[in-house]
Structures are given as C-alpha cells and as structure tokens.
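Heads up: the structure comes next, in structure tokens.
Values below: all heavy atoms of this structure, side chains included; hydrogens, waters and symmetry mates excluded. Residue numbering restarts at 1 for every chain, and letters A, B, ... go by the order of the sequence lines.
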Protein chains: 2
Amino acid sequence: MSVPPGQADSADFIPCAHDYQVSCGNCRLNAICLPLALESEDIDQLDRIIQRSKPLQKSQHLYRQADEFESVYAVRSGALKAYRTTDDGREQVTGFYFPGEILGFDGIGNNAHASSAKALETSAICEIPFSSLQKLSSLMPNLQRHFFQLMSREITEDQQLITLLSKNSADERVAALMLSISTRNARRKLSATQFRLPMSRVDIGNYLGLTVETVSRVFSRMQKLSILRVDNKEIEILDPAGLRHMANLSH
Amino acid sequence: MSVPPGQADSADFIPCAHDYQVSCGNCRLNAICLPLALESEDIDQLDRIIQRSKPLQKSQHLYRQADEFESVYAVRSGALKAYRTTDDGREQVTGFYFPGEILGFDGIGNNAHASSAKALETSAICEIPFSSLQKLSSLMPNLQRHFFQLMSREITEDQQLITLLSKNSADERVAALMLSISTRNARRKLSATQFRLPMSRVDIGNYLGLTVETVSRVFSRMQKLSILRVDNKEIEILDPAGLRHMANLSH
DNA sequence: CGTTCCATTGAGATGTGTCAATTCAAGTGG
DNA sequence: CCACTTGAATTGACACATCTCAATGGAACG
C-alpha cells in the first residue's frame, strides 16, 4: 500500500499539504499533533508505524460507525466531520476535525467505531494503528501520557458542547462555533478572522442542535449587526469582541 | 492516612459497601470496575496504589473544577454528580456516577479538573493516583488498554448525551435517563424496575437541558400513562417497553 | 410545629421548529 | 456558451414545545 516518493521537491520548499510522505519530524503540524519532548529516535519509531496512504475525496468515509476499530487518525489537510447515526436513522454531527487534530478515539471502548467520519473536502490523513500505538506507549511514557491527554481533551470538548446545547441560545451556539473555528485556525497560523467554512449549514445546524433555517437567520442577524461578513461559506469576523460577547463565554 | 482494619467481619459475610478496606480482588464491583484478565499479583499491585480513605458525606466535593489533577476515582457506594461551572456562573451537570463507575478523566488533559464532583449521598470512593496508574499501565498492557477503553467509553457516552440534547424531546430525554439508570442498576445486580433517584429534579433538568418544571411535568405525564410510578425520588418502572418506546431509542 | 427546601401544577410568553416560497451557486448536457 | 437541473441557502408566516413566572403542596428537619 505504500506510495512511491513523489517527484522530488526542491530542498527548501516547505512541504505542502499534499505531500503526504512528510514525516512527523518535519511536519509543520507537529506542534499541534505531537507537542512532545520525544527523542528523534522516538519520533522515528512513531513515523514507522504511521501510514500516510489515505488521501480522501470529499464525502468519502474515513471509517463508518460499527466498523472494526483499528486505528486513530490525524488530519493532515482538509476537514472532516464525525457523526453518529441513531437507531431511528437520524444523524448527529459530533465534531469537526481540522489539520493537526486527531479523531477516532471513540472506537477504542468497544473495538468498533462509535461514529462515522466523512471528508468535508479533499483531505490527507495519517493513520495510526492503535495496536502499534499501544505497544509504543508502553515503552515511551511521554507518548502514553500524550494520548491519555488527547482523549481527556476530547472528553472536555464534548462536555463543552453538552453545555452549549443545554444552556445556550441559537445565537450563542453559532457564535461559539465561529470562535472555535477561528481559534483553531490561529493555532495553525492561519487567519483568525477570515476563513472558508468546509461544512454546510445543515452540518452546522445538526452539530449545534438547530435547524438550517435558524442557523441561516443567526448568520443574517450577525451580519446586520456587523459582527460577521457572510458570503455563503466565506466568513469574515468584523467584530471579534462583539462575537465573543454574543457567544457569552469569555474563554 | 491509612485506616486500621475495622472490626473483623465474619468470613462468609459479603463485604458491605461501607467496608472500604476491601481489596479489588474480592470487591463485588470488580466485574464492572475492572473486568480484566489480571494475574492475582497484578491485582495486588493495583491494590497497593489505590487509596480507600475517602468516605464522602452528601454534598461534599470529591474535587473541584480547576483543582490540580492527581487521581481518578472509582465509586464504591453512593452516587455523585459531575458538573461544570461556566464563565458566567451557571452550572451544567455533565454526569451521574454510580458504584463501579470511574470519574475524573477530564482532568488529565490539562492537569486540572475540568469539572467538579459532588456527592449526592454518602459515598465511598477508591482513589487511583494517576501517576502510579501510568507507571503500572506501562508494565501491564491489559491495564493500559482498560483505561484507554474506559476513557473511550466516556467519550461515547458524552456523544450520546449530545445527541439526546440535540435531537430529543423532553419526554425522550427523561425516559432515556430512567432507562440508563435502570440498566446501570441491573449491571450491579439491583432491581432494574425499582430504585431511588439520588439526584434532585433540578439536577435531572440541568443534566438534560430542561427546567425543573418540565421534568416534573414529564414525570406526571409518564405516571398518567402508567409507564412509571413516581413517588418523589422513588421510581418504579411499570411498563419497560412503553418507557423504551417513549425514549425512542431501542438500545 | 414552624421553617425551609423541593416538587408539582397552571397560565401565559417566547424562541425555535415547521412549512413553503424564492434566490443563488454549481454542475451537466445540448 | 447557454439552458436546464439540482442542491444549498435565505427569508417569511405560523405553530408549538418548552420556558418563565407564580402559586400551591408536600417532605424533611430542627
């Protein structure tokens, strides 16, 4: 399954997102994905278990609910959504994943994925086989702790979403999501004020427990208040303070 | 901090919940808490790091949000709620914890508890210092995997709650909670149809994203339909199938 | 036997959902 | 390159589930 090294990039060229043969050691996302004090030989070991052979086209699945769990996945480029299908066939979007973020942890518990993951746009993925990761974690305490931390943060984020759904108005929910995306963009050294949403209004509404119409109305309202400029999926945050105020959470 | 062995129980007496010096090896909850193929000497090692010196009175805190994270905790008897306090001072109950269940995982991510945990009634707790657990996990692959699984299941459960909050009506939410408690009771060999709720209506409403009044009305409605008998905190499920139907989820 | 907290019930207000129509954007085939 | 189709987003009018406010009832506790 390994892919032959592509045409040689010039040496000083920063590896672009589509060069999916880049190793963790010189991946520009490693500050997000692996903020670890690992020896370079440790990184080599990790590199060796990671598979980078999975560029995904828009709307293709990375895994599906109830698939056997084998790996967790780091997003290298693009964006994905994770969603659960309920017994009566409805869908619930449980998260959006951007470059540097890791998904698939919900599959460990029962050896089967508890959600499906679908590409929102063309996405490059690093696959991390979990059994290898477990072995490596036993040998590298830092790595073990790192993955405990990643899972713990996923729990914390889910709990934030629970709070959002349980306590906040439509305005607050949408504002909070815009702020979240903005923050995560900044972490990747991208603009915190201008970006293109990779997901549809339906996905946003589904994620936030709102209908499409309500999401749309909130965007219109925000635009009228000059908090956001909205042009279909292109978003510009005109008034970050106003947006934070609307989100009603000062984090 | 260690407590002297209590008055000797007669040898054939099943250790009761208040005998908090029982070891994991003969704890009647270990099928829930530690369903592991561990050598008895492994269990001994685990026993040695676990501290059982924390009986908690009703409304006392086990830990508070932003406290330094040191341990995760297994409930031995009683019940607790976990809740987050938002920036603007409101509370969100994120979970209820019953005997055999483990809480505190959300603190690993940032070395500080992301929620508070409070006893809903007198509760006995096993404290599991996380640094010891990490070391032990490196040596015992089964144990490492077990804790990855526990955290993964917490993620899955949070995502179920997200779905519930996002997609389900008040009736469905309350019904789902009653079913969850019933199932967890059954796992502990207690009645699946009769139990006493340890939490208040306020807590239930808070957890489910509803007001107290709505929770109360749902209970009244369920009683009118002969699905439940409700006498303050005493619950009897009269029509389990009807309850499942009302919850609108067949799991 | 008050006092206090918790739970229940009712009446009315409101935010968001539902239904429906329109516009806009993207892709397809003639 | 232009019609045509299709899906996504917006906007409006109305309905309804849940919230809010308020009063009452009941259990627990000193």
Which of these passes side-chain hydrogen bond (donor to acceptor under 3.5 Å, both in side chains) with B:N185: B:K189, B:R187, B:R188?
B:R188

I need the A:F96 CZ to A:E101 CD distance, nearest 0.5 Å.
11.5 Å

note: B:E234, atom CD; C:dT8, atom C1'; distance rounded to Å ~ 18 Å

For a quick check, with a 4.0 angstrom heavy-atom cut-off, what is the B/S/- contact string for nucleotides 11-17 of chain C, read 5' to 3'?
B----SS

Distance in angstrom units between B:L228 CG and C:dT8 C1', rounded
16 Å

So, does B:T85 use its side chain to make a donor-acceptor pair with the main chain of B:E91 at under 3.5 Å?
no

Find the bend of the helix from C:dC1-D:dG30 to C:dG30-D:dC1 as the angle between its two terminal axes (five pairs each), to the nearest 10°.
40°

Restricting to non-hydrogen atoms, name the atom on A:E172 and the atom on A:K167 that form the minimum distance, rounded to 0.1 Å.
OE1-O, 4.3 Å

Can you check whether B:I155's main-chain N or O pairs, donor with acceptor, with B:D158's side chain at less than 3.5 Å?
no

Heavy atoms of A:S71 and A:H113 approach each other most closely as O-CE1, 3.9 Å

I'd like to know whether NZ of A:K233 has more than 12 heavy-atom contacts from other residues, nucleotides or ligands below 6.0 angstrom.
yes

Separation of atom CZ in B:R90 from atom P in D:dC19, rounded to whole Å
13 Å

Taking CZ in A:R90 as the centre, count heavy atoms belonging to other residues, nucleotides or ligands within less than 6.0 Å. Is the count above 12?
yes

Rounded distance (Å) that lies between atom P of C:dT8 and atom CD of B:Q223
9 Å

For A:N232 and C:dT23, what is the distance between atoms CG and P respectively, to the nearest whole Å?
17 Å

Quick one, which residues of residues 197-204 of chain B touch DNA chain C with a heavy atom under 4.0 Å?
B:S200, B:R201, B:V202

B:E234 bridged to B:R196 by N-O distance under 4.0 Å:
yes

Just the rounded figure in Å: distance from C1' of C:dC24 to NZ of A:K233.
13 Å

Take the protein atom CZ of A:F219 and the nucleotide atom P of D:dA9, then report the distance between them rounded to whole Å.
10 Å

When every non-hydrogen atom of B:E121 is compared with those of B:P198, the smallest separation belongs to OE1-CB, 3.3 Å

Atom CG in B:N110, atom OG1 in A:T156: separation rounded to 0.5 Å?
6.5 Å

Atom-to-atom span, CG of B:D231 to C1' of C:dT8 - whole angstrom
13 Å

